[in-house]
Student: 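Input: one structure, supplied below.
Throughout, numbering of the chain's residues begins at 1 and tracks the sequence. Since the structure is predicted, the reported quantities are computational estimates derived from the model, not experimental observations.
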Amino acid sequence: MKYVDEFRQPEKAQALLNEIEKLSLNYPLKIMEVCGGHTHSIFKYGIEEILPQNIELIHGPGCPVCVMPRGRLDDAIYISQQPNVIFTTFGDTMRVPGSTTSLLQAKAIGSDIRMVYSPLDSLKIAKENPNKQVVFFALGFETTAPSTAFTILQAATENIHNFSMFSNHVLVIPALKALLDNPDLQLDGFVGPGHVSMVIGTEPYEFIAQKYGKPIVISGFEPLDILQSIWMLLQQISENRCEVENQYNRLVQPLGNTVALKAMNQVFEVRDNFEWRGLGEIPNSGLKIRPEYAQFDAEVKFILPNRKIADNKACQCGEILKGVLKPWQCKVFGTACTPENPIGTCMVSSEGACAAYYKYGRFSQIGKQNITESSKVTA
């Protein structure tokens, strides 16, 4: 396939791997891939298994469904259960467990919950059902926030009164700051999120290099993208450099997408605090709808429980999202917790680390070692 196959060529992958091995230092290196999309690519193509043994990839909190706290899920379920409400959401949130139930279970007992592919689909449903209140479950990083903003602007232009958003958008930069301030997590560099960076650009990451002295390389999602990004990080480390580099320059620009950023700034303002699963309250890390667009804000239209709910004691999603634990170190991983019966969010979303480990058979450290011994370059 044009524009894809050239990023999956085995001979180029082997050449990059050879260069990585030349640069590989004689001490352990921990590199965090921030985005859940990178995590799945790493396991799909067997990248972790072909890297030198001293390079450990740490999986970050870049899965928007995974970082959603149970209390906010309970709020979403509460909205869906109100009279004359059609609640719309992306498919990967349907099975995420709240404190007592999920959206899928709420749908089974009578709530009108519909899966959509975009917030514009939700707006269309509102037009088709003028006597219902239609609510869209808006979540995600800066990648998806522009589509939410543009949809609200469209609803305002068309004066659609029965449409609103339950905003749970979060920001990647405050989360990275929280990780870097965590004394339990010592990192040597970052593979930066490609999709988020398409919107915000590369400049917001400068603090990572300047304040914390860590290199970061913004990466694409194909196997050669990730291998090249790791090679670029190792070059920086071996040369004692700390910079923001852009491997994904075919799509990511230094200033990002100015049109998308303008729409976001017009519709949203930053929350003082927002709770993240595993990371707790992070200042200035969430987006809420501005008062000028309050008619489209579900938190204004509905009186929500707004409770903080502790995670299931058996689930260690929080530690996995912080990069402190690997999924196979969770006692319920692959046994009580599976994609069909998830206890935590990391097993639900297509970007979740536990889902990646489960799908690609990484159930234990022993299993990983066996895979490593028999691996070849599969990219």
Side-chain angles (χ1 to χ4, degrees), residues 33-40 59-73 75-76 79 87-96 103 114-123 135-154 164-176 178 192-201 204 218 221 251-252 256-257 259-261 263-271 274-279 282 284-289 293 296-299 317 321 345-346 348-353 355-356:
E33 83 276 2
V34 177
C35 181
H38 284 141
T39 302
H40 273 251
H59 319 305
C63 165
V65 172
C66 301
V67 300
M68 188 65 51
R70 295 175 85 186
R72 297 294 285 187
L73 287 163
D75 288 343
I79 294 171
F87 193 84
T88 61
T89 181
F90 295 134
D92 58 355
T93 65
M94 291 292 288
R95 292 183 297 109
V96 178
L103 285 168
R114 306 183 190 182
M115 289 184 287
V116 294
Y117 292 99
S118 78
L120 284 173
D121 292 341
S122 184
L123 184 61
V135 182
F136 176 70
F137 194 7
L139 73 164
F141 288 89
E142 294 93 334
T143 311
T144 54
S147 64
T148 300
F150 283 121
T151 303
I152 288 177
L153 292 173
Q154 184 68 26
S164 60
M165 301 271 195
F166 180 40
S167 177
N168 290 271
H169 287 295
V170 289
L171 303 173
V172 71
I173 298 300
L176 291 177
H195 291 152
V196 166
S197 303
M198 288 165 54
V199 176
I200 68 173
I218 310 303
F221 294 86
L251 287 178
V252 174
N257 186 325
V259 175
L261 290 170
M264 285 173 57
N265 291 332
Q266 183 176 347
V267 172
F268 294 114
E269 61 184 6
V270 177
R271 298 178 187 267
F274 193 76
E275 183 186 359
W276 294 52
R277 185 181 293 246
L279 301 177
I282 301 180
N284 306 314
S285 66
L287 295 177
K288 63 180 180 179
I289 297 171
Y293 297 96
F296 306 110
D297 189 349
E299 293 183 75
C317 270
L321 287 166
T345 54
C346 297
V348 180
S349 171
S350 59
E351 295 188 5

Student: Atom CD1 of I152 and atom OH of Y293: how far apart are they, to the nearest 0.5 Å?
Tutor: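 Result: 9.0 Å between the selected atoms.
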Student: Is it true that a side-chain atom of E142 and a backbone atom of V172 form a donor plus acceptor pair closer than 3.5 Å?
Tutor: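 Side chain of E142 to backbone of V172, a donor-acceptor pair under 3.5 Å: yes, one is there.
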Student: Kindly say whether S147 contributes a backbone atom to a donor-acceptor pair with the side chain of S118 at under 3.5 angstrom?
Tutor: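 No: the side chain of S118 does not pair with the backbone of S147.
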Student: For the residue pair W276 and S285, what are the closest heavy atoms and their distance?
Tutor: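 Looks like NE1-OG, 2.9 Å.
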Student: Tell me, with the steps shown, if T89 and V116 meet side chain to side chain contact (heavy atoms under 4.5 Å, CB included).
Tutor: CA-CA 6 Å; T89 181; V116 294; 6.0 Å; no
Student: First locate atom CD of Q266, then atom CG of L153, and finally report the distance between them rounded to the nearest 0.5 Å.
Tutor: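 Rounded to the nearest 0.5 Å, the CD-CG separation comes out at 4.5 Å.
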Student: What pair of heavy atoms forms the shortest contact from V252 to G194, and how long is it?
Tutor: CG2-O, 3.7 Å
Student: Without swapping roles, check the side chain of H59 against the backbone of H38 for a donor-acceptor pair under 3.5 Å.
Tutor: no
Student: Is any side-chain heavy atom of L287 less than 4.5 Å from a side-chain heavy atom of L171?
Tutor: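 SC-SC contact between L287 and L171 confirmed.
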Student: Sequence neighbours excluded, which residues qualify as side chain to side chain donor-acceptor pair (under 3.5 Å) partners of S349?
Tutor: none
Student: Within a 6.0 Å radius of atom CE on M115, are there more than 12 heavy atoms belonging to other residues, nucleotides or ligands?
Tutor: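 Atom CE in M115 is not packed in, count stays at 12 or less.
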Student: Might you work through the side chain to side chain contact (heavy atoms under 4.5 Å, CB included) test for L321 and V67, ending with a clear yes or no?
Tutor: CA-CA 8 Å; L321 287 166; V67 300; 4.2 Å; yes
Student: Provide the closest heavy-atom pair for A298 versus V135 in the form atom of the first, atom of the second, distance.
Tutor: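 Distance-wise, the nearest heavy atoms are CB-CG1, 3.9 Å.
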Student: Under 4.5 Å between any side-chain heavy atoms of T151 and S122, yes or no?
Tutor: no
Student: NE2/H169 to OG1/T143 distance, rounded to the nearest 0.5 angstrom?
Tutor: 10.0 Å
Student: What residues form a salt bridge (charged side-chain N to carboxylate O under 4.0 Å, His left out) with R277, not counting sequence neighbours?
Tutor: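 By the salt bridge (charged side-chain N to carboxylate O under 4.0 Å, His left out) rule, R277 matches D311.
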Student: Nearest 0.5 Å, please: how far is CE in M165 from OG1 in T148?
Tutor: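 T148 OG1 to M165 CE: 5.0 Å, rounded to 0.5 Å.
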Student: Any heavy-atom pair between the side chains of F141 and P193 that's under 4.5 Å?
Tutor: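 With C-beta onward as the side chain, the pair stays apart.
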Student: To the nearest 0.5 Å, what is the distance between CZ on R95 and CG on L103?
Tutor: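 Answer for the CZ-CG pair, R95 versus L103, is 12.0 Å.
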Student: Suppose we screen for ring-ring contact (aromatic ring centres under 6.0 Å, His included). Which residues come up paired with F137, at least two apart in sequence or across chains?
Tutor: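 With neighbours one apart ignored, the set is F87, F166.
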Student: To the nearest 0.5 Å, tell me how far I173 CD1 sits from I200 CD1.
Tutor: 4.5 Å
Student: Taking all atoms of both residues into account, what is the closest heavy-atom pair of P64 and L139, and its distance?
Tutor: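 So the two residues come closest at O-CD1, 4.2 Å.
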Student: Under the rule for side chain to side chain donor-acceptor pair (under 3.5 Å), what residues qualify as partners of E299, not counting sequence neighbours?
Tutor: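 Checked E299 against side chain to side chain donor-acceptor pair (under 3.5 Å); matches are R72, R271.
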Student: After noting the C-alpha distance and the side-chain angles of M68 and T93, does the key distance pass the side chain to side chain contact (heavy atoms under 4.5 Å, CB included) rule?
Tutor: CA-CA 10 Å; M68 188 65 51; T93 65; over 6 Å; no
Student: Under the rule for ring-ring contact (aromatic ring centres under 6.0 Å, His included), what residues qualify as partners of H195, not counting sequence neighbours?
Tutor: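 So H195 forms a ring-ring contact (aromatic ring centres under 6.0 Å, His included) with F221.
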Student: Go through the steps for T39 and E351 under the test side chain to side chain contact (heavy atoms under 4.5 Å, CB included), then give the verdict.
Tutor: CA-CA 7 Å; T39 302; E351 295 188 5; over 6 Å; no
Student: Tell me, please, which residues at least two apart from F90 pass ring-ring contact (aromatic ring centres under 6.0 Å, His included).
Tutor: F136
Student: Looking at side-chain heavy atoms only, is the closest gap between P146 and V199 below 4.5 Å?
Tutor: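 Answer yes - side chains close enough.
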Student: Which pair of non-hydrogen atoms, one from D92 and one from V96, has the smallest distance, and what is that distance?
Tutor: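 Heavy atoms only, the tightest pair is O-CG2, 3.5 Å.
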